[in-house]
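All residue numbers in this chain count up from 1 along the given sequence. Owing to the predicted nature of the structure, the values given are computational and were not obtained by experimental measurement. Indexing begins at 1, ligand by ligand and atom by atom, following the structure's order.
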Amino acid sequence: MKLSFLSVFLTSALALPSPRSTRNDIPPFFLLAGDSTTAVQSSGGGGWGDGFINTTLHQGAKGINYGHNGATTVSFRSGGDWATVLSKVEEYKSDYRAFVTIQFGHNDQKASANISIAEYTSNLEQFAEDVKNAGGTSILVTPLSRRNYDNSTGTPLVIENLADQRAATIEAAKNTDTSYIDLNKASTDYLNSIGPADAYTYNLASDDYTHLNDEGSIVFGGMVASLIDQDFAELKSDGYVTVKAKLLTALEKGEYYWP
Ligand SMILES: *[C@@H]1O[C@H](CO)[C@@H](O)[C@H](O)[C@H]1NC(C)=O
Ligand SMILES: *[C@@H]1O[C@H](CO)[C@@H](O)[C@H](O)[C@H]1NC(C)=O
Ligand SMILES: *[C@@H]1O[C@H](CO)[C@@H](O)[C@H](O)[C@H]1NC(C)=O
């Protein structure tokens, strides 16, 4: 008797709408900082950002893509993009939980940029500190893999030419006690699993193995969302950041997905 009363009581208590009182119960606002592998699809670039914003944010969660084609950790600051991102953290932090994703490396690694790994690491650390000081939460993102394969072992395997930037991004996160998601590893594993023919269907142009078309943006945007949900489980349970079940299953199984 007592037990069934308790379960009836609990059931009705749980059915009441929960008060939106804690800080985590306000929707997230994602400000995406990065290079062309985050940026909006255009003739010169295209990354995961718009697929993430368009298809994984719900219940009032929002995002703005500040990915800038050709950007490095130096140019993103010197060119004024970073000041814009920080001003948006200030603008949105009272009505939203302000998150800043930070993903660089594709251009920082070019010899012409003349940015050492030590500088790249400390630039990422400074970004993370700035977001903290502005009242936001940063998520460092290891760089999206390119879709170039080495076939010399008999099994096509992605050429891991961003390994140093991946390691440096993780180090920057640890040094500043910042969250990070390992997009480089997740995208490398997925691309190895689906193989080159399917991977190339996500190319922005047939010979562009770096940038993503709309479909690729949705697939890798979903991958970013699922990685964020692993670190911030409440964003998933509150329904703010969710990935379509069919895509999530494909990502988990390493199976090809076309939106
Ligand atoms: C590269 O950067 C280093 C350190 O800042 C500087 O001493 C050097 O002159 C730069 N090289 C070029 C080619 O700009
Ligand atoms: C590896 O194989 C893929 C698929 O056939 C091909 O597109 C690619 O150019 C090959 N990679 C190299 C480095 O030859
Ligand atoms: C995202 O949505 C915008 C606005 O509807 C659209 O123009 C764009 O093509 C979409 N991009 C992706 C990758 O879904």
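For Asp214, heavy-atom contacts with ligand 3 shorter than 4.0 Å involve the backbone as well as the side chain.
Ring to ring, Phe220 and Phe52 are not that close: their centroids are 6.0 angstrom or more apart. With ring centers used as reference points, Tyr256 lies under 6.0 Å from Tyr202.
In summary, the atoms of ligand 2 found under 4.0 Å from a heavy atom of Tyr200, numbered by their order in the structure, are 3 (C), 6 (C), 7 (O), 8 (C). Near Gly51, the atoms of ligand 3 lying under 4.0 angstrom from a non-hydrogen atom of the residue are 13 (C). The distance from ligand 2 to the heavy atoms of Tyr149 drops below 4.0 Å at these ligand atoms: 11 (N), 12 (C), 13 (C). For ligand 3 and Ser217, the ligand atoms under 4.0 Å from any heavy atom of the residue are 13 (C). Counting atoms of ligand 2 from 1 in the listed order, those under 4.0 Å from a heavy atom of Pro196 are 4 (C).
Protein residues with any heavy atom under 4.0 Å from ligand 1: Asn114.
Of the possible donor and acceptor atoms, one in the side chain of Ser217 sits under 3.5 Å from a partner among the backbone N and O of Gly47.
Remark: Glu91 engages Lys88 in a salt bridge, criterion side-chain N to carboxylate O under 4.0 Å.
The shortest N/O to N/O separation between Gln41 and ligand 3 does not fall below 3.5 Å. Inclusion of Asn151 in the set of residues having an N or O under 3.5 Å from an N or O of ligand 2 is warranted.
His68 and Asp81 share a side-chain donor-acceptor pair at under 3.5 Å. Between the side chains of His211 and Ser36, at least one donor-acceptor pair of N or O atoms lies under 3.5 Å. In summary, the side chains of Tyr96 and Lys62 do present a donor paired with an acceptor at a separation below 3.5 Å, with no hydrogens or angles considered. Side-chain atoms of Gln126 and Asp130 include a donor-acceptor pair closer than 3.5 Å.
Partners of Phe76 according to the ring-ring contact (aromatic ring centres under 6.0 Å, His included) rule, which considers only residues two or more places apart in sequence or in another chain, are Phe104.
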